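Data block below; observations after.
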Amino acid sequence: MAASKPPEGDSLVKRLAGPSTGKAGLAQDQSEINRIIAEASKGSKFYENEKRKDEELTARINRLLEKRDSVIKGADLARLEKAADQILIDMEQKRDLSQIIVHVDADAFYASVEVMDNPELKGKAFGVGGGVLTTASYEARKFGVRSAMPMHIAKKLYPELIVVRCRFSRYSEVSKALMTVLQRYDPTMHPAGFDEAYLNITKYCRDHEMEAEECVQVIRDEVHKETGLTISAGIAPNKMLAKICSDRNKPNGQFKLPFDRRAIVSFMKDLSVRKVPGIGRVNERVLEAIGVKTCGDIYTQRAVITLLDHELGLHGLLHAHLGISSNVVEPPIREARKSVGVERTFSAVGDSTKLMEILENIAESLEEDCEQTGWAGKTLTLKYKLHTYEVFTRARSLDRYIRSKDDLFSIGSELLRKELPLRLRLLGLRLTQLKDLRDKGEKGIKRFFKDAGDEPPRKRNRLNDEEDDFAASMMEDDIEEIPMDEEDARLNGGTPNASPNRQSKKVSPNSKGRPADQDEETSDSRQRLVCPICSTSLLTDNDGFNAHVDYCLSRGAIAELATLGSQDDVGPITSPKKPPALSKSRAGSNPFLLSKKAK
DNA sequence: GCGGATCAC
DNA sequence: TATGGTGATCCGC
């Protein structure tokens, strides 16, 4: 596999003619799209940086393989497999299939909202965003336009592309309406960003004598009726599986995984490890190097993974293979916040005075955020990105909590001053070691009792030895507000909802549990298509196909360029100063998480 | 505690 | 025409 590069289908200069036409046409168009993206990226500093990172990763993988070869000598593989099998047995015994977890995901959320507010956009190829697209309508995706794509490349792919500016406050409104509906089915529902949420509908189904699928259908109908959104949903015994399942019949569909151990393991078997939350592009490559592309491969390679436990995280992978993760759904907890920061990108600046001005503005923004959210911090971290895209951070811990612009700027500028001169394209400040300014004295106590009265949200059943879910998600202005007290009101000064991007995060598992994805192996009303980039045969619907191609394009274009390795002129990028000692050999900066090993 | 790296959305 | 912003975690030092 890894049919890395088909003979470069240059011959297929089909142009992106009628994307709207059949799939066959689509495939060839995608090859051309890939070429266009590669062409537009080549020679840019961004590309050079991507190439550098790719080479570093390759070196890291080679070191890992060397270690494997070295350590595998004299190893008793049969014994290692047995040990892994025992761990699997233990994990299996703790598997909990008693909870009905649902992950709902709005389809092309921003684009859907824009269409609702402006019906003229319906059926049109348009993107949402500014210099970089945040979302692309389904029609635009057919031209290769996708989220996170720079505008200038999107325009090359489709010059007539309609661009709509982001309206976060509007998305926030619709998101709130969505969450309000979902909360009726699970008061402890956990929003995961503007357009996603986890629910535990076990109780609701029991109280209303409903089947899970029936219940979810009702939820989806109700959401559509009340918000105009179409959502997709996954139903499974834990969060990882539910998330994977919600993607299965997207858009506007739902999928329930059998609550059966064997069915689940079977489901995971052909699932790409990339679908497992927490396994990104880097770890995907690392795993592929040791022969693990699917969750089923994890079992096959369990001996080697055991040998490389430290680098790969045996437990997390074994959980993925079994399809086991946390099934605890709890609302976000304010106290869980760990940092607050502001960063800004700008066209390269080398003038120190100018940089200081930018930093001052950032300090001001951060002060505003601190006031609005009610946090102060003890450690300030400066982040800067050179015009070459290399990123660095410099931190300083204090003996007091700060949040005023003056403090932020005086300390931040001190950190920056020591690095100058620099030519930068981004500056940022972040506070950590936070103190909750709203949680003073009795107020905190009162809140505690208030919650206790409701019913202990804790579910504490099931297994996960790692319990994740800390819910970092803030969206405090959008979801379930903690009652404000006088101080809050003062701090907020009536500001509605400032900065855009205020979503927060979520689910992020910690170490272990993650879902996996499936790949198109199931049959249904799907079609069999061949991805023009990776040549994989896919049995999926149009959306699944697009998603797959999106992925191949995003990685493929850059990877291809890196391979072709055309050293370009690049020119004199003189950066005032090379940053501090950088990357040493960065040995195995370890991929996975893996908490303790409970072996 | 600090800095780098990875990940999610 | 020049590839985002916010937040979290893990690891090695």
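Computed from a prediction, not measured in an experiment: that's the story for all the values here. Throughout, a chain's letter reflects where its sequence line sits, starting with A, and its residues are numbered from 1.
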Restricting to ring pair (Phe, Tyr, Trp, His ring centres under 6.0 Å), what partner residues turn up for A/Y401, sequence neighbours left out? none

Heavy atoms under 4.0 Å, any strand shown: does A/I153 hit a base, just sugar-phosphate, or nothing? base

A/R394 side chain, from C-beta outward: closest of B/dG4, B/dC2, C/dT3: B/dG4

Is the positively charged end of A/R438 above the ring of A/W375, judged by distance under 6.0 angstrom from the centroid and angle within 45° of the axis? no

Nearest-Å distance for atom pair CD1/C1', residues A/I362 and C/dG5: 11 Å

A/R430 CZ to C/dG5 P, straight-line distance once rounded to whole Å: 12 Å

Closest to side chain of A/H310, choosing from C/dG12, C/dT3, B/dC9: C/dG12

Classify the ring geometry between A/Y198 and A/H190 as parallel (under 30°), tilted (30 to 60°) or perpendicular (over 60°). perpendicular

Distance, C1' atom - from C/dG4 to B/dC7, rounded to whole angstrom: 15 Å

Go nucleotide by nucleotide along DNA chain B from the 5' end; which of A/D195 and A/L57 gets its closest nucleotide reached first? A/L57

A/H152 has a side chain; which of B/dG4, B/dC2, C/dT3 sits nearest to it? C/dT3

Separation of atom CG in A/L386 from atom P in B/dG3, rounded to whole Å: 15 Å

Taking only the side-chain heavy atoms of A/V282 (C-beta and beyond), determine which of B/dG1, B/dC7, C/dA8 contains the nearest atom. B/dC7

Specify the separation, in whole Å, of atom CD of A/Q433 and atom C1' of C/dT9. 15 Å

Output the rounded distance in Å from NZ (A/K378) to C1' (B/dC2). 16 Å

Report yes or no: do A/S232 and A/D105 form a side-chain donor-acceptor pair below 3.5 Å? no

Of all the nucleotides listed (C/dT3, B/dG4, C/dG5), which has the minimum atom distance to the side chain of A/T393? B/dG4

When the nearest nucleotide of DNA chain C is assigned to A/K385 and to A/M151 on a heavy-atom basis, which residue is associated with the more 5' position? A/M151

Of the nucleotides B/dG1, C/dT6, C/dA8, which has the atom closest to the A/S397 side chain? B/dG1

Answer with base, sugar-phosphate or nothing: what part of the nucleic acid does A/T134 contact at a heavy-atom distance below 4.0 Å? nothing

Please determine, for the side chain of A/N283, which listed nucleotide (B/dC2, B/dT6, C/dT6) has the closest atom? B/dT6

Whole Å only: how far is the NE2 atom of A/H387 from the C1' atom of C/dT3? 16 Å

Atom OH of A/Y47 to atom C1' of C/dT1: distance rounded to whole Å? 21 Å

Is A/Y389 close enough to C/dT3 that one of its side-chain N or O atoms is under 4.0 Å from OP1 or OP2 there? yes

So, does the side chain of A/T345 form a donor-acceptor pair with the base of C/dT3 at under 3.5 Å? no

Answer yes or no: does a side-chain N or O of A/K243 lie under 4.0 Å from OP1 or OP2 of B/dC9? yes

Is the shortest side-chain N/O distance from A/R60 to OP1 or OP2 of C/dC11 below 4.0 Å? no

Answer yes or no: does a side-chain N or O of A/R425 lie under 4.0 Å from OP1 or OP2 of C/dG4? yes

Strictly under 6.0 Å, is that where the ring centroids of A/F392 and A/Y384 end up? yes

Atom-pair distance (NZ on A/K42; P on C/dT3), nearest Å: 18 Å

Should A/S339 be listed as having a side-chain N or O under 4.0 Å from OP1 or OP2 of C/dA8? yes

By salt bridge (Lys or Arg N to Asp or Glu O under 4.0 Å), A/R396 pairs with (sequence neighbours left out) none

